[in-house]
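A quick note: this is a predicted structure, and the numbers were derived from the prediction, not measured.
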Amino acid sequence: MKLAAVLALASLASAPAPNVSATRDIVTDPKGANAPGCAVGAFRDGKTLFTTAAGMADLEMRKPIDADTLFYAASVSKQFTALAAATLIERGKIGLDDDVRKYLPELPRYDAPITVRMLIHHTSGIRDSLTLMRFAGAAGANEMTKAQGLDLLFAQKGTNFTPGTSYTYSNGGYLLLAEIVERVSGMPFADYAAQAVMKPLGMKRAMFMNDRRPDLANFAHGYNPKGDGYAVRDTYPYFSGSGGLLISINDFAKYDYDLTVGHKVWTPAVQAIMLTPGAFTNGAPAIEQRSGLAYAGGLQMGMRGGQKIIQHGGAAEAFKTHYERFPDRKLSIVVLCNRGDWVSQDKADAVANIVDGHFLAAPRKPAPGRYVSDELKSSYDIVFDGDKLTAGISSTYKPQGEPLELTRGAGESWTGDGATLVFDADGRGFTVGTDRAEGLHFRKVN
């Protein structure tokens, strides 16, 4: 073993015991105990370092959150959907480069064939199913069924771009992936996932929903602030694929163990499927603009905060979830929150820094002030108010335009009104855009 590796292992072995109390403080509402909160798990090389929790799973019943509380996982579900698909790909039942119309003949023919690999890596151009539902009149995804979601996708005459040529995150792509798993396995997707993933790993409470929310004990409601209190907002879809997973911290411990040590489901062949980043048809890597990370099997990969990372977050109005793994440190952190006003990645990063001695560099704090774009012939006057960003817009076309109002997301990103703004790593500018107009760069005016 190389000296550097020996020293790194020695450093980890001699690290002080994690401060569980400080971790609990991160997910404790400063206004008091009668508030929603989060469950937290920290794992090293597959072993549980600790679990902790703060807040209420059910405010009305005053039911506290614990390590067995089930949360709606939102998009953290995608890695489990991809894992279920990978078990069939490993067995040769599904081909990564198969045209998806082999399994879904209802899907129209587009400019180029869409492959299973493109669905997994968000390079298919398939339109987002949750967006389509909203445009079709649904106030919340909980008002629609899986059949209705699929019907909307099968009715789409075009894609966001020629398949394989660009990257756009698509819940629709993962709904189609789950449907392929269902048709190939010959059983409901939720049942196949239970048989092929949850049961072998000993995940006793975790489950995918199948067009209804099960009547379960120790289940967290989602909450958003309302006045001096909180309002229940269980507005997530009850079908699975892009989301749909219900999971606890103790279940996540079983999953992380198999990923890192057990390899019962995460076999070498499955790992190759799950951890190979996507690429466009021209060979260029498929990088998400907002995070700067590559997308693999329901997981993002790359460098963040000076560290190699594998991660995925989830958001469903009143649920915020995050799973992150630092391979070089053999450390994994999971944060599951049932409140929509917290950023789960920030909570997970804070826990990681407590566990391993503030190794993860904090995102650069963006500076207020004036930024200009030659392409838009505009200037943006950026002002921050907590987790809100307002950009006052002036241009050669309109001296005082309609301001842009965004809310802070993970890391360096701010989102709202279909737009995403990401600050440069050096703090000297930012990039803003939508799926239809990407990469508009602004530079800071000193």
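Side-chain contact check for Ile120 versus Leu96: some heavy-atom pair is nearer than 4.5 Å. The closest side-chain heavy-atom distance from Leu177 to Lys78 is not below 4.5 Å. Taking 4.5 Å as the limit, every side-chain heavy atom of Val355 sits out of range of all side-chain heavy atoms of Phe326.
Of the N and O atoms on the side chains of Tyr169 and Ser75, at least one donor lies less than 3.5 Å from an acceptor on the other residue. Between the side chains of Asn210 and Lys146, not a single donor N or O lies within less than 3.5 Å of an accepting N or O. Inspection of the Thr168 and Asn160 side chains reveals no N or O donor paired with an N or O acceptor under 3.5 Å. No side-chain donor from either of Asp234 and Asn142 sits under 3.5 Å from a side-chain acceptor of the other. Residues Thr28 and Asp25 bring no donor and acceptor atom of their side chains to less than 3.5 Å of each other. Under 3.5 Å, the side chains of Tyr110 and Ser124 contain no donor-acceptor pair of N or O atoms.
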Verdict with supporting geometry, Tyr255 and Tyr257, ring pair (Phe, Tyr, Trp, His ring centres under 6.0 Å): CA-CA 5 Å; Tyr255 172 79; Tyr257 175 83; over 10 Å; no
Pair Lys388-Glu405, side chain to side chain contact (heavy atoms under 4.5 Å, CB included): steps then yes or no: CA-CA 7 Å; Lys388 295 182 180 179; Glu405 296 183 346; over 6 Å; no
From CA spacing to verdict: side chain to side chain contact (heavy atoms under 4.5 Å, CB included), Leu259, Met274: CA-CA 10 Å; Leu259 189 162; Met274 293 291 291; over 6 Å; no
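In this structure, CG on Leu176 lies 8.0 Å from CD1 on Ile114, to the nearest 0.5 angstrom. Remark: Gln195 CD to Thr87 OG1 distance equals 9.0 Å, nearest 0.5 Å. Taking NE2 from His312 and OG1 from Thr321, the interatomic distance works out to 9.0 Å, rounded to the nearest 0.5 Å. Atom CG of Leu421 and atom OG1 of Thr407 lie 12.0 Å apart (nearest 0.5 Å).
Ion pairing between a basic and an acidic side chain is recognised when a charged N comes within 4.0 Å of a carboxylate O; Glu317 and Arg134 show no such pairing. A salt bridge links Arg339 and Asp341; the closest N-O separation between the charged side-chain nitrogens and carboxylate oxygens is under 4.0 Å. With respect to Asp97 and Arg117, a salt bridge is recorded, a charged nitrogen being found less than 4.0 Å from a carboxylate O.
When atom types are taken as modelled, the side chain of Lys320 and the backbone of Gly340 share a donor-acceptor pair closer than 3.5 angstrom. Under a 3.5 Å cut-off, the side chain of Ser185 and the backbone N or O of Val181 do form a donor-acceptor pair. Without hydrogens or angle criteria, Gln156 side chain to Leu152 main chain gives a donor-acceptor distance under 3.5 Å. Although no hydrogens or angles enter the test, the distance criterion places a donor-acceptor pair under 3.5 Å between the side chain of Asp258 and the main chain of Lys264. Panel note: side chain Gln311, backbone Gln300; no donor-acceptor pair is recorded below 3.5 Å. Without hydrogens or angle criteria, Glu182 side chain to Phe189 main chain gives a donor-acceptor distance under 3.5 Å. Proximity of a side-chain donor or acceptor of Arg233 to a complementary backbone N or O of Phe319 within less than 3.5 Å is not detected. Counting only distance, with no hydrogens or angles, the side chain of Asn171 and the backbone of Asp128 share no donor-acceptor pair below 3.5 Å. Remark: side-chain polar atoms of Tyr223 are paired, donor with acceptor, to backbone N or O of Leu59 under 3.5 angstrom.
Listed by chain and number, the residues in a salt bridge (charged side-chain N to carboxylate O under 4.0 Å, His left out) with Asp349 are Arg304 (sequence neighbours excluded). Partners of Asp211 according to the salt bridge (charged side-chain N to carboxylate O under 4.0 Å, His left out) rule, which considers only residues two or more places apart in sequence or in another chain, do not exist here.
Considering Phe252, Phe43, Phe71, Phe80 as possible partners of Tyr323, the one that fulfils the ring-ring contact (aromatic ring centres under 6.0 Å, His included) test is Phe252.
Aromatic pair Phe430/Phe442: centroids less than 6.0 angstrom apart. For Phe280 and His121, the ring centers sit 6.0 Å or farther from each other.
Taking each heavy atom of Pro36 and Asn338 in turn, the nearest pair found is CB-OD1, 3.4 Å.
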